[in-house]
2 protein chains.
Amino acid sequence: MKSDHPKADHPTREKILRATKDLLWERGFDAMSPRDVMARSGAGQGSLYHHFAGKLDLACVALAEMAAEEKASIESIFAPEKPPLQRIEDYLARERDALRGCRMARLANEMAMAEPEFRLSIADFLQRIEDFLALALREARRSGAIAADADDRALAALFLSAVEGGFVLARAHWDPERMTRALDGARQVLNVLRK
Amino acid sequence: MKSDHPKADHPTREKILRATKDLLWERGFDAMSPRDVMARSGAGQGSLYHHFAGKLDLACVALAEMAAEEKASIESIFAPEKPPLQRIEDYLARERDALRGCRMARLANEMAMAEPEFRLSIADFLQRIEDFLALALREARRSGAIAADADDRALAALFLSAVEGGFVLARAHWDPERMTRALDGARQVLNVLRK
DNA sequence: GTCTATAGGGGGATAGAC
DNA sequence: GTCTATCCCCCTATAGAC
């Protein structure tokens, strides 16, 4: 694909990517058309297909950039100098737009999910969080903050699911409070584990 | 809408609905076209638009039928004669096609979600499950099977989120095992609560 | 009730001039 | 590199005959 080639920072290319990231967040992959991208970026069709092989390629590159942007935020939440359980609480308390869904995982329902190229950035993003959660649980367990027989990986998956599932519930009921409730459940589990 | 009117069991209408339910499950709302419905049902365009006001109306009616079909299965899982925690375990252990997503909540990411008519069947379906979970937790709490200070509603939302979030993780990683892991976390919580 | 024909728009992508 | 013109297909819906 063209996007794999040496890519000098062409301003037009950047504008196209900026518009794509915005549209991906606002509408998702299926509902975003190359025409929309052209309109928002001000770039012409020629530029778009010169810099990218097609819609899927464009989305993959944009998605990878979105993931990179999220990375810093996640790493700050899970800063290793913080007490392990504090990291988890901070992750649960992270500000979210419950009705819009997760910036990355929101796209997990698109048809393009069958394409490995499309899936990768999303999977990596979720994996990173799950790893941070599992690490925090392990540290908490080893320091005696929670029960010694806790299953780090299963609980990490549960906490991540609580967040991602919370988005689903909030959207289905069209009520951000549903996300809050799911997170309250996760916090309660954290408290029970502490005892 | 036409579909609100007295609807004798017209065989053609039934065929159209059958095809719509199948396509809604296989492809989702956006990716399903009236043409697809016609092709699969064998009905012509005239029939489709005679019985339904349009694509959205058709999907709403089909969705309501899907919800009704799921209802029996859910009620059997949460049969009141079973021990409360057993009901929850049975719900977690329910057979699922992790890579395809939840029959109902899968559609929560569609654009049509903004339409209250479309949203209702999905929200009701999830609410029913959450209520059953909360009731089971309350009974378990009152009978002393779990801690007396457990928050039924928050934990019910958590368990439901574990399932719905598990679907998201499984799809993002394109690996059914991810769902299993999230459910293992939920089961572990159940065990911790039991202590 | 059901059919076929047709409309009007947007989808993703390519061609070729500049 | 970027532009405009153009292609062909599918979308949802309506019209009007039978």
Side-chain angles (χ1 to χ4, degrees), chain A residues 1-24 26-63 107 110-115 117-118, chain B residues 1-20 23-24 26-63 107 110-115 117-118:
Chain A
M1 285 194 171
K2 278 199 187 87
S3 50
D4 290 337
H5 292 242
K7 41 196 168 183
D9 294 72
H10 272 295
T12 303
R13 199 187 126 103
E14 297 306 311
K15 277 196 318 183
I16 292 171
L17 278 174
R18 175 76 263 136
T20 304
K21 287 186 279 187
D22 290 350
L23 286 165
L24 233 31
E26 289 170 24
R27 310 188 194 170
F29 177 76
D30 290 334
M32 172 200 84
S33 77
R35 282 178 136 88
D36 296 332
V37 174
M38 291 184 278
R40 181 160 312 197
S41 66
Q45 201 131 9
S47 301
L48 199 160
Y49 285 95
H50 170 77
H51 291 292
F52 303 94
K55 183 185 174 182
L56 185 63
D57 179 42
L58 174 59
C60 289
V61 177
L63 213 45
L107 299 162
E110 307 273 358
M111 304 293 259
M113 214 53 196
E115 304 284 337
E117 296 174 84
F118 186 84
Chain B
M1 285 195 171
K2 280 200 186 86
S3 51
D4 290 338
H5 292 238
K7 39 193 167 185
D9 293 71
H10 243 298
T12 302
R13 199 188 126 104
E14 296 306 311
K15 278 195 319 184
I16 292 171
L17 278 173
R18 174 77 263 138
T20 304
L23 286 165
L24 232 32
E26 289 170 25
R27 311 188 193 170
F29 177 75
D30 291 334
M32 172 200 84
S33 78
R35 278 177 134 88
D36 296 331
V37 174
M38 290 183 283
R40 181 161 311 197
S41 66
Q45 201 132 5
S47 302
L48 199 159
Y49 285 96
H50 170 76
H51 291 292
F52 303 95
K55 183 185 173 182
L56 184 64
D57 178 41
L58 174 59
C60 289
V61 176
L63 213 44
L107 299 161
E110 307 274 358
M111 305 292 260
M113 215 54 196
E115 304 285 338
E117 297 173 84
F118 186 83

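Predicted model only: the values in this text are computed from it and were never measured. Each chain gets a letter, A, B and so on, in the order its sequence line appears, and its residues count up from 1.
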Does the side chain of [Y] come within less than 4.5 Å of [X]'s, by heavy atoms?
X: L58(B); Y: P34(B); value: no
X: D36(B); Y: R27(B); value: yes
X: M111(A); Y: F29(A); value: no

Interatomic distance where [atom1] belongs to [X] and [atom2] belongs to [N] [whole Å]:
X: R27(A); N: dG11(C); atom1: CZ; atom2: P; value: 9 Å
X: R35(B); N: dT4(C); atom1: CZ; atom2: P; value: 13 Å
X: I16(A); N: dT2(D); atom1: CD1; atom2: P; value: 7 Å
X: M38(A); N: dA13(C); atom1: CE; atom2: P; value: 11 Å
X: L48(B); N: dT4(C); atom1: CG; atom2: P; value: 14 Å
X: Y49(B); N: dT4(C); atom1: OH; atom2: C1'; value: 15 Å
X: M111(A); N: dC10(D); atom1: CE; atom2: C1'; value: 14 Å
X: M32(A); N: dA13(C); atom1: CE; atom2: P; value: 10 Å

- line: In terms of heavy-atom contacts, Y49(B) and G54(B) come closest through CE2-CA, 3.9 Å
- request: Specify the closest pair of heavy atoms between F118(A) and A59(A), including all atoms of both residues, with the distance to one decimal.
  value: CE1-CB, 4.1 Å
message: dG10(C), OP1 or OP2 - any side-chain N/O from S33(A) closer than 4.0 Å?
response: no
query: Do any side-chain nitrogens or oxygens of H51(A) fall under 4.0 Å of OP1 or OP2 in dT2(D)?
result: yes
Which nucleotide in the list [options] gets nearest to the side chain of [X]?
X: Q45(A); options: dG12(C), dA13(C), dT14(D); result: dA13(C)
X: H50(A); options: dA5(D), dT14(D), dG1(D); result: dG1(D)
X: T12(A); options: dT12(D), dT2(D), dA13(D); result: dT2(D)
X: D36(B); options: dT4(D), dA13(D), dC11(D); result: dC11(D)
X: S47(A); options: dT12(D), dC3(D), dG12(C); result: dC3(D)

5′-ward residue of the pair G46(A)/A31(A) relative to DNA chain C: A31(A)
task: Take G54(A) and G44(B), find for each the nucleotide of DNA chain C with the closest heavy atom, and name the residue whose nucleotide sits nearer the 5' end.
output: G44(B)
